[in-house]
Amino acid sequence: MPASRLSRTPLPGIGFRYDLTTREQRQLSVVAHRDGGRTLSAYQADDPDACALSLKLSSGEAAYLIDALMPSHHSPNLLHTTDLGLVAERIEIPGVSHWNGRLLGETHMRTETGASIVAVLRRAEAIPSPTPDFRLAGGDTVIVIGTREGVEAAATILGRE
């Protein structure tokens, strides 16, 4: 059976297109948009120029799909674990989140979960050690550290609509 192949093509002003030919000679493509979104396309087996499926994914949805495609023992959102039982994880705040536009201190994160938000990633900027008066925004990715249970509770709080 032939090997799979991946090629990358720059798309000026858009991002990059990745074309994958699988071992079974099926054609897939992913357009990686500059805003973090992805367009995933699969082509018909009998006509590799005919698109059978096209999905537009937000950056968060693309991250979830990446998590699903990775081996179960590894999650790209999981940044680090220690022998002390602490984990650091990325959590995206949805655009429709209850916390969009609210102050970090209003979450009562540390009090409610024991977990701490140690940084916020916004677009191409990293904000380390955000203070309680830091205003959250939908699409922010927060870096949370705490116990597994505390981080999961933080994800539940931050996912509130």
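Not measured: the values here are computed from a predicted model. Side-chain atoms are counted along with the backbone in the values below, which use heavy atoms only and exclude waters and symmetry mates.
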[X] to [Y] - nearest heavy-atom pair and separation:
X: Thr107; Y: Glu112; value: O-CG, 4.2 Å
X: Ala153; Y: Thr113; value: CB-CG2, 3.6 Å
X: Ser41; Y: Cys51; value: CB-SG, 4.0 Å
X: Val144; Y: Ala115; value: CG1-CB, 3.6 Å
X: Ala137; Y: Asn100; value: CA-OD1, 3.4 Å
X: Ser29; Y: Asp19; value: CB-OD1, 3.2 Å

side-chain contact (heavy atoms from CB on, under 4.5 Å) assessment of Val31 paired with Arg38
CA-CA 6 Å; Val31 175; Arg38 301 291 189 264; over 6 Å; no
Please walk me through it: do Val30 and Arg17 pass side-chain contact (heavy atoms from CB on, under 4.5 Å)?
CA-CA 6 Å; Val30 175; Arg17 177 178 167 150; over 6 Å; no
How far does [atom1] of [X] sit from [atom2] of [Y], to the nearest 0.5 angstrom?
X: Asp49; Y: Asp47; atom1: CG; atom2: CG; value: 5.5 Å
X: Leu104; Y: Arg110; atom1: CG; atom2: CZ; value: 9.0 Å
X: Asp35; Y: Ser58; atom1: CG; atom2: OG; value: 9.5 Å
X: Thr131; Y: Leu103; atom1: OG1; atom2: CG; value: 9.0 Å
X: Ile91; Y: Thr156; atom1: CD1; atom2: OG1; value: 8.5 Å
X: Leu53; Y: Leu55; atom1: CG; atom2: CG; value: 4.5 Å

Determine whether [X] and [Y] make a side-chain contact, defined as any pair of heavy atoms from C-beta on separated by less than 4.5 Å.
X: Trp99; Y: Asp140; result: no
X: Leu136; Y: Arg102; result: no
X: Leu65; Y: Leu40; result: yes
X: Glu89; Y: Arg148; result: yes
X: His33; Y: Thr39; result: yes
X: Arg122; Y: Ile127; result: yes
X: Arg23; Y: Arg5; result: no
X: Val87; Y: Thr147; result: no

Quick check on the hydrophobic clustering: are Val118 and Leu121 connected, directly or via other members, by side-chain heavy-atom contacts under 4.5 Å?
yes
In sequence, state the C-alpha distance, the side-chain angles, and the governing distance for Leu28 and Tyr43, and then conclude on side-chain contact (heavy atoms from CB on, under 4.5 Å).
CA-CA 6 Å; Leu28 300 170; Tyr43 298 88; 5.8 Å; no
Give the C-alpha distance, both sets of side-chain angles, the deciding distance and a yes or no for side-chain contact (heavy atoms from CB on, under 4.5 Å) between Val120 and Phe134.
CA-CA 10 Å; Val120 176; Phe134 179 83; 3.8 Å; yes
Do Glu92 and Thr141 have side-chain atoms, one donor and one acceptor, less than 3.5 Å apart?
no
Checking Thr22 side chain against Arg26 main chain: does a donor-acceptor pair fall under 3.5 Å?
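Yes, the answer is positive, given that a donor and an acceptor are paired below the 3.5 Å cut-off.
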Compute both the distance and the angle, then confirm whether Arg8 meets the cation-pi test with Tyr18: under 6.0 Å from the six-membered ring centre, within 45 degrees of the axis.
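The answer is no, since Arg8 fails at least one limit relative to Tyr18.
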